[in-house]
There are 2 protein chains.
Amino acid sequence: MRKTLLGDLRDSELFHGIRRDEARRILESLDAQLKNYRKGQTILSAGSRVRRIALVMEGSVTLFQTDFWNRQIIIDRRRSGQIFAEAFACDRHALSSFTVQADEATVILWFDIMDILKVDAADESRTALIRNIMNTLAMKNLALNEKLLHVSRRSTKEKLLSFLSDEARKAGSSEFDIPFSRQELADYIGVDRSAMSAELSRLAREGYFETNRSHFILKKM
Amino acid sequence: MRKTLLGDLRDSELFHGIRRDEARRILESLDAQLKNYRKGQTILSAGSRVRRIALVMEGSVTLFQTDFWNRQIIIDRRRSGQIFAEAFACDRHALSSFTVQADEATVILWFDIMDILKVDAADESRTALIRNIMNTLAMKNLALNEKLLHVSRRSTKEKLLSFLSDEARKAGSSEFDIPFSRQELADYIGVDRSAMSAELSRLAREGYFETNRSHFILKKM
DNA sequence: AAACCTCTGTTGTTTTTACAACATGTATGA
DNA sequence: TCATACATGTTGTAAAAACAACAGAGGTTT
């Protein structure tokens, strides 16, 4: 495996806190495999069985579904340092629910995560890797739960109040900056930007908060 | 620990495939603790640090949030055999984002999941438990992803088509039964029941599918 | 069979949202 | 400073959804 690529590993959430030589040793014992893909090439097909986690080393990929009526739905994009297919690899019975294609020339590192659980193989670095994977799954879980909580509110007003309330909780203060522009926020909670902008004005007028750009100050009422 | 309760453990997703005596041994080494709660008692408060996973042994609990403007939002309910707080326990930096209260007299088994990763403690049953936890996290992830995909579509029509397409994919056939009544489906995708019913009729008339109650036959067009 | 209940579909009305078009604000570099 | 580009706010209109009220279908109990 190329040294330059291994160096980059430490930047990924998965190998965080694991020494480079340790990472190399672990990956070798896990049947890790580097594969190159051309722009547009299919890396993983919907419906296929996935045993291994994919770590994007170089390039970027798009995850999408094709529905029953052949309409394409883009799910997400993953870049260098990020992983995909981890949920399918960690759940023995799951098949991939999406297709993955390379956006550009891309290098993927594949490795079998379940192998790492083998009883005879306990050591500190492996433990760290398992912890990192569990952390990753847990964090994704929390992020998905949080987003779902906002998105599944019925009205734009409820979505905004749910989101802002959560931001205040995370900031530990009624005054905070959100990590989104207006357009990004609208996409995140799944509504139209201009309608959302109007709703924000209305809520501010009603006294729920003051806002300027990404800065918010919530008001008890 | 009471034998009767330990017997029930095998029904939980977490201890699936682990022998009763093994489960007992593991739990003792993990500082497992049984606690009883009265109806209405708070089991876990939003904002607190959580080190241990909670497994509901008897009774049931409600997970909810109180937002900035003191409005209560019910997130979910967990019953005997199910776990909660697993994502907070698996992500060292996370604090609980919700409060948990007992719906009735409830028994909770608390245990430290990160302890199980200790290097000196590798054995088959522990490996199975780790695998089960990863499975649980992965399955939740997939379920959340799937629901989010449907809920975040903009219109009722898009939500329905997204949901039905996914059901067809999971069934491996264009003909299938959905696991929901109309009201449950409306709640799941986050829309009004009667409006959804009307939309279903419209889509059926437009030729997307035929449906009777929970039975659907999708049509290519 | 009759009475009852729950689920589902339909329709008219009200409310909310999306959409489009444009105005204003803000940051950036020539 | 001016020109420019992009983000944000505003408004009117069309479309969609929520809501409410009711009717019929299906199933269950007596």
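Just so it is clear, the values below take in all heavy atoms, side chains as well, and ignore hydrogens, waters and symmetry mates. Quick caveat, the model's predicted, so the values are computed rather than measured.
When atom types are taken as modelled, the side chain of S152(A) and the backbone of L148(A) share a donor-acceptor pair closer than 3.5 angstrom. Side-chain N or O atoms of E184(B) include one that pairs as donor or acceptor with a backbone N or O of S181(B) at under 3.5 Å.
For the pair E158(B) CD and dA18(C) C1', the computed distance is 14 Å after rounding to whole Å. The distance between atom CD of Q183(A) and atom P of dA18(C), rounded to the nearest whole Å, is 12 Å. One atom, CZ of R182(A), and another, P of dT10(D), lie 11 Å apart when rounded to the nearest Å. What separates CG of L203(B) from P of dT8(C) is a distance of 17 Å, to the nearest Å. In this structure, F216(A) places its CZ atom 12 Å from C1' of dT8(D), rounding to the nearest Å. Summarising the geometry, the separation between CG on L185(A) and P on dA7(D) is reported as 15 Å, rounded to the nearest angstrom. In this entry the distance linking CD of E210(A) with C1' of dT8(D) reads 18 Å, nearest Å.
With contacts defined as side-chain heavy-atom distances shorter than 4.5 Å, the pair K159(A)/E199(A) does not qualify. Under the 4.5 Å side-chain criterion, counting only non-hydrogen atoms from C-beta, F163(A) is in contact with I178(A). A 4.5 Å side-chain heavy-atom check between D76(A) and F84(A) finds every atom pair outside the cut-off. Looking at R131(A) and M134(A), their side chains never come closer than 4.5 Å, going by heavy atoms from C-beta outward.
Residue contacts shown for S181(B) are limited to sugar-phosphate atoms, with no base heavy atom under 4.0 Å away.
Judged by distance alone, the side chains of E210(B) and H215(B) never bring a donor and an acceptor atom under 3.5 Å apart.
F98(B) pairs in a side chain to side chain contact (heavy atoms under 4.5 Å, CB included) with only one of the listed residues (I74(B), I73(B), I75(B), T62(B)), which is I75(B).
Pairs engaging residues 81-98 of chain B under the side chain to side chain donor-acceptor pair (under 3.5 Å) rule: E86(B)-K140(B) [sequence neighbours left out].
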Worksheet, complete the sentence: Per-nt protein contacts along nucleotides 11-27 of chain D (heavy atom under 4.0 Å; B base, S backbone sugar-phosphate only, - none) come out as B-----SBBB-----S-
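Taken over five-pair windows at either terminus, the axes of the helix from dA1(C)-dT30(D) to dA30(C)-dT1(D) are inclined to one another by 40° (rounded to 10 degrees).
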